[in-house]
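Following: one structure in structure tokens, then a few remarks.
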Amino acid sequence: MTKIKRIGVLTSGGDAPGMNAAIRAVVRGAIFNNVEVMGIIKGYQGMIEENFIKMESHSVSNIIQLGGTILKSARSKEFLKPEGRQKAFDNLKKHKIDGLVVIGGDGTFTGARIFSQEHDIPVVGIPGTIDNDLYGTDSTIGYDTALNTVIESVDKIRDTASAHSRLFFIEVMGRDAGFLALRSGIASGAEAILLPEVETDFSNLQVFLQNQYKKKKKTSSIVLVAEGEKMGSTMSIAEKVAKDHPEFDVRVTILGHTQRGGSPTVYDRVLASQLGVAAVEALLDDQKSIMVGIMNREITQVPFNQTLKNKKELNPGLLKISGILSI
Ligand code: F6P
């Protein structure tokens, strides 16, 4: 029999569409199992500042369709210090919270791992980030929605690129990972995709772009650039191409935080619902320091150690076809 009577739930780091659906599933999954839930406002910082609210089933009504997070999010500097974490733990004890569900990305799980090593509290993580850069899950909550947001924008930019015969560099998020760029690049038919994981030779890129125009008689092109691309910023790459090739009419669009907002897709809502319930069940099953994820459509439990130690690789099959389709 589990000892857990009351859990806390928080969202931390960059918000991702579907976080609300996950909060809803945690709250309802807990109440279904006669466990009380406290919502912690503003992530780990809220734990330190004792910013807790009691969550009922109705507290999470009408939020499954909303982007952002009703619990708000933050990146807490204080939680990086042992004193901050001690304060957070004392507050959890004061409110009789004996288990924690954290929704976020690798920064969130790094905090969760150290917190549960230092203090006697089980923590289960739910992967929520548009970057999809967490090992141990095929998809993170928010990734699918962000992909759809990206391709909607790229499709629109393609209209104007084509009308004006322009070369567009479009930057998508992902400071360390190219998952968003690769998948949305394939889905939007980008002529080239620049990724942090794959070294790009600048002169090869120039030759490739020239060939697109000369040999393939293209009049417009889209180059999708992941934010973390190693050659330099999107703006600097575009400026260099424009300087070396006055024949190209170059423009840059940085999609930025538009990718983090919006109503979650069906996929993200369902994934968040599955993982929210799975996180509660894992806590009730005496699991600790794990992330719940999805692999080959099955719910998985992966120790934080594994998730944080291993780097998730880009799908080699997708990399291959992105090369084939852009010839
Ligand atoms: O990790 C999610 C993410 O959206 C990254 O893709 C991006 O680099 C970063 O967050 C931006 O963070 P902020 O909103 O703090 O500028």
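Order of appearance sets the numbers: ligands from 1, and atoms from 1 within every ligand.
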Ring-face cation contact, Tyr135 with Lys309, 6.0 Å cut, 45° max: no
Identity and separation of the nearest protein heavy atom to atom 4 (O) of ligand 1: Arg260 NH1, 2.8 Å
Ligand-side contact atoms (ligand 1) for residue partner Gly174, heavy atom cut-off under 4.0 Å: 6 (O)
Charged N-O contact under 4.0 Å between Arg251 and Asp249: yes
Derivation and outcome, side chain to side chain contact (heavy atoms under 4.5 Å, CB included), residues Ile237 and Thr200: CA-CA 11 Å; Ile237 297 169; Thr200 312; over 6 Å; no
Glu83 bridged to Lys87 by N-O distance under 4.0 Å: no
Closest candidate by heavy atom, reference atom 7 (C) of ligand 1, pool His257, Glu227, Arg75: Glu227
Within reach of ligand 1, part of Gln259 (heavy-atom separation under 4.0 Å): neither
Lys312 NZ/CZ over Phe179 ring centroid, <6.0 Å and within 45° of normal: yes
Minimum-distance protein heavy atom relative to atom 6 (O) of ligand 1: Asp131 OD1, 2.7 Å
